[in-house]
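To start, the structure itself, in structure tokens.
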Protein chains: 2
Amino acid sequence: MSIETDTKDRILATARELFHGRSYADVGIKEICTLAKVQKGSFYHFFPSKQELAMAVIDDMSDDWAHGFVAEAFDEALPPIERLDYMVDAVYYWQKAAKNAEGRMPGCLFGNLALEVSTRDEVLRARLNAVFEKASARFHEALEQAVELGEMPPLDTAATATAMLAYLEGVILLAKTRNDPDVVRILGPAIKSIRIEQRHQN
Amino acid sequence: MSIETDTKDRILATARELFHGRSYADVGIKEICTLAKVQKGSFYHFFPSKQELAMAVIDDMSDDWAHGFVAEAFDEALPPIERLDYMVDAVYYWQKAAKNAEGRMPGCLFGNLALEVSTRDEVLRARLNAVFEKASARFHEALEQAVELGEMPPLDTAATATAMLAYLEGVILLAKTRNDPDVVRILGPAIKSIRIEQRHQN
DNA sequence: AGTATAATAGACCGGTTGGTCTAGTCAAGC
DNA sequence: GCTTGACTAGACCAACCGGTCTATTATACT
């Protein structure tokens, strides 16, 4: 082993970019191979199927997120509530940069994939759901601390965390549909106003 | 004219169901024709292209919405704030019924299509954006009245209306990814907590 | 009755899809 | 030097894609 090839990485990076900028169904393996300067044979040596490639792309981006700006935004050193604004800002600047570069707002890769494939691919759906649950957990931590510090009144922090994630995804969806990152900037901060009271049982 | 054929309607209804339950790219014209018991020739007699079919489907469902449960939910006779809860309830029961019938939560047709096609089809993107703007207007009316009646403090009703729509779409997205309509029931009511203050200029 | 036109039927088209298969290259271990 | 197994190359495949085309039928108008 250790033949030091970046073939797999090139495939992964190219697929990620194409899936994010367009869609899962719209991007073919041939196109990925061409852009990544890889042959079909090599592709199927590393990935048994398009579905497995999608899984790898999801995991790859999920890792990048967890160690990238999501980690920055949810830095324990920041006041909990500021973390929410940081996250919104990060999304805004990211989407704006992507639009400037490619002319179109790509939105959230996970949200895009989730709506596209989750009715016909249980495995991918479950994977994407896990990504959302991990993201929700970051919101949850922040809310728990905010309540603890008295910066927020007591509330159902778990449900509110999920609600905030939902809101963020919804804002990105609308912004993408309008092809205008400013939607994120304008609507985003209202994420802090979302509240779900305790004791809704269930 | 007036040959009294329901061919076009059958195509439309079938396409709507398939697009909603799966995705735009995943459903072929041949499959639509087979299910609708229509031949290719007839299909292309009524619709010049798949894109035009998608437009018709969007318009069709948009009309159904406008005159269906959205009209009910945003009934002027209801107290403004109750309309929000009504809307959330309607989404919940709809999605739950769909899941019971087909095993999977289809989510929102408009949201699904928006994320799938808006990076590669300007025409469809614009159409979907218009649908969202119309929906946002209903929220706006309700909020304006709520403020007028003193049921809500003054706020940027236009921005808040859009934010609420975004939240609803986000909740549906997460619910679909979890394949669990209960997410709508639990997170939905928090739509009333969303607030964007006036004077953010721009 | 005759004609124009709307509607239906389905064979057909070039191109593309995800995926397979065989042949061959390359570096490491013995 | 030979073998092994990871990797690359690319021809090939059946199935399917959106869309076109011609032929035929059914209906409305004159």
Whole-Å distance, B:Ile29 CD1 to C:dG10 P, equals 18 Å
Rounded to whole Å, CG of B:Asp26 lies from P of D:dG18 at a distance of 10 Å
Does any residue of residues 32-53 of chain B have a heavy atom under 4.0 Å from DNA chain D, and if so, which ones, in number order? B:Lys40, B:Tyr44, B:Ser49, B:Lys50
Between B:Tyr24 and B:Lys50, is there a cation-pi geometry (under 6.0 Å to ring centre, at most 45° from the normal)? yes
C:dG10 C1' sits how many Å from B:Lys30 NZ, rounded? 11 Å
Short N-O contact, A:Arg22 and A:Glu17, less than 4.0 angstrom: no
Tell me which pairs pass salt bridge (Lys or Arg N to Asp or Glu O under 4.0 Å) where either residue lies in residues 84-101 of chain B, with sequence neighbours left out. B:Asp85-B:Lys192
Of all pairs that satisfy salt bridge (Lys or Arg N to Asp or Glu O under 4.0 Å), the ones with a partner from residues 117-128 of chain A, not counting sequence neighbours: A:Asp59-A:Arg127, A:Arg120-B:Asp26, A:Glu122-A:Arg125, A:Glu122-B:Arg104
By a strict heavy-atom criterion of less than 4.0 Å, which residues belonging to residues 14-21 of chain A are in contact with DNA chain C? none
Can B:Arg16 and B:Asp60 be counted as an ion pair, charged N to O under 4.0 angstrom? yes
Give every residue pair that meets the ring pair (Phe, Tyr, Trp, His ring centres under 6.0 Å) criterion with at least one member in residues 154-188 of chain B, sequence neighbours excluded. none
Quick check on C:dT8: is either OP1 or OP2 less than 4.0 Å from any side-chain nitrogen or oxygen of B:Thr7? yes
Any side-chain heavy-atom pair of A:Ile29 and A:Phe47 under 4.5 Å: no
Any ring pair (Phe, Tyr, Trp, His ring centres under 6.0 Å) involving residues 122-146 of chain A? Give me the pairs, sequence neighbours left out, ordered by first then second residue. A:Phe74-A:Phe139
